[in-house]
Amino acid sequence: MQPSCKPGQKPSSALVWARLPRTGLGNTLFVWAQALVFARLKGLPLVTSGWGQLHIGPILRRERHRRYYGHYFTSLDAIPIQRILLSLLSHQRVYEPDIQKASEYPNDNHLYIFSSIPHWRDLFGQIRDQRELVRTSLRQMMRAHLHEQLARLERPWIGVHIRMGDFRPLQPGEDFAKVGAVRTPLSYFSQLIVGIRSIHGADLPATIF
């Protein structure tokens, strides 16, 4: 899908680039979502790179999943390679532009680059109000075999992903809010499940990954 311009309006030469970091899929999607929201607010096409990069850690640890996502997604915007190269070679680069001030940035001769994971204190900060756009766009760029797999799965009421493999346990006396690269305490997840069930008013089933 190529963003369009108004009749009689000169097409913009600017681009938005989601330069995905070498992280897990969740953190990668945060970078992509920020770039997507900024691009759509500006009416600019979005270039995404990094889905197909290899992760050495899972290979060395002999994990079953290699965290290779090149076969998961397709491009949302059809952009000629000449335009991409022109932007990379000649456009002024703006790193991590403020999404809330998108209208203040020029639409010509600029390359807007998103590559940093938002701070964990407010991961959804600048994209929270664009939830439906992100959700719809994510489904649009998913390849057919993923849609087929999802259609065959039983839909969980509560889905919880607990990351444990590459983080150390929280030590006695440590404050989880003040240390990094540690496992989130299991009590955090259990409290969330209880809270969701309380809000819904029913004992909803939970699927834990």
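Nearest heavy-atom pair, His147 versus Arg139, reported as atom, atom and distance to 0.1 Å: NE2-O, 2.9 Å. For the pair Arg83 and Ala14, the tightest heavy-atom approach, listed with the atom from each and the gap, is NH2-O, 3.1 Å. Summarising the geometry of Asn27 relative to Arg163, their closest heavy-atom pair is ND2-NH1, 4.2 Å, with the distance given to 0.1 Å. Taking every heavy atom of both residues into account, Ile79 and Pro45 meet most closely at CD1-CB, 3.7 Å. Of all non-hydrogen atoms in Thr23 and Tyr69, the two that sit nearest each other are O-CE1, 4.5 Å. Contact detail for Ser116 and Val31: the closest heavy-atom pair is O-CG2, 3.6 Å.
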side-chain contact (heavy atoms from CB on, under 4.5 Å) for Asn109 and Gln92? Distances and angles first, verdict last. CA-CA 6 Å; Asn109 303 318; Gln92 180 178 341; over 6 Å; no

Please step through side-chain contact (heavy atoms from CB on, under 4.5 Å) for the pair Leu36 and Gln130, ending with a clear verdict. CA-CA 10 Å; Leu36 168 79; Gln130 300 291 336; over 6 Å; no

Test log, rule side-chain contact (heavy atoms from CB on, under 4.5 Å), inputs Leu138 and Trp32: CA-CA 10 Å; Leu138 179 60; Trp32 167 81; 4.0 Å; yes

Would you check, one step at a time, whether the test side-chain contact (heavy atoms from CB on, under 4.5 Å) holds for Leu150 with Met142? CA-CA 11 Å; Leu150 287 174; Met142 285 169 49; 3.3 Å; yes

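Side-chain contact between Pro118 and Asp122: absent, with no pair of heavy atoms (C-beta onward) separated by less than 4.5 Å. Side-chain contact between Ile196 and Trp157: absent, with no pair of heavy atoms (C-beta onward) separated by less than 4.5 Å.
Note: Leu123 CG to Arg128 CZ = 9.5 Å, rounded to the nearest 0.5 Å. With rounding to the nearest 0.5 Å, the separation of CD in Glu132 from OG in Ser137 is 9.5 Å. Between the CD1 atom of Ile117 and the CG atom of Leu29 there is a distance of 11.0 Å, given to the nearest 0.5 Å. To the nearest 0.5 Å, atoms OG (Ser198) and CG (Leu204) are separated by 11.0 Å. Between atom CD1 of residue Ile113 and atom CZ of residue Arg19 there is a gap of 5.5 Å, rounded to the nearest 0.5 Å. How far OG1 of Thr28 is from CZ of Phe73: 9.0 Å, rounded to the nearest 0.5 Å.
Under a hydrophobic-cluster definition in which Ile, Leu, Val, Met, Phe, Trp and Tyr are linked whenever side-chain heavy atoms come within less than 4.5 Å, directly or via other members, Leu111 and Leu86 are assigned to different clusters. Residues Val160 and Val194 do not share a hydrophobic cluster, defined by chaining ILVMFWY side chains whose heavy atoms lie under 4.5 Å apart. Both Leu146 and Leu153 are assigned to one and the same hydrophobic cluster, defined by single-linkage of ILVMFWY side chains at heavy-atom distances under 4.5 Å. Under the 4.5 Å side-chain heavy-atom criterion for ILVMFWY residues, no single connected hydrophobic cluster contains both Phe167 and Ile162. Put simply, Leu88 and Val47 are part of the same group of oily side chains (I, L, V, M, F, W, Y) that touch within less than 4.5 Å, one to the next.
Other residues, nucleotides and ligands contribute over 12 non-hydrogen atoms within 6.0 Å of the NE2 atom of His71. Counting non-hydrogen atoms of neighbouring residues, nucleotides and ligands closer than 6.0 angstrom, the CG atom of Asp129 reaches no more than 12 such neighbours.
Listed by chain and residue number, nothing satisfies the ring-ring contact (aromatic ring centres under 6.0 Å, His included) test with His91 (two or more places apart in sequence, or in another chain). Listed by chain and residue number, Tyr105, Tyr112, Phe114 satisfy the ring-ring contact (aromatic ring centres under 6.0 Å, His included) test with Phe38 (two or more places apart in sequence, or in another chain).
A donor-acceptor pair under 3.5 Å is formed between the side chain of Lys42 and the backbone N or O of Ala102. For the pair Arg197 (side chain) and Ala202 (backbone), a donor-acceptor distance under 3.5 Å is absent. A donor-acceptor contact shorter than 3.5 Å links the side chain of Gln126 to the backbone of Gln100. Between the side chain of Thr74 and the main chain of Arg143, no donor-acceptor pair closer than 3.5 Å is present.
In summary, the side chains of Thr136 and Gln140 do not present any donor paired with an acceptor at a separation below 3.5 Å, with no hydrogens or angles considered.
Using cut-offs of 30° and 60° for the angle between ring planes, the Tyr72 and His145 rings count as perpendicular.
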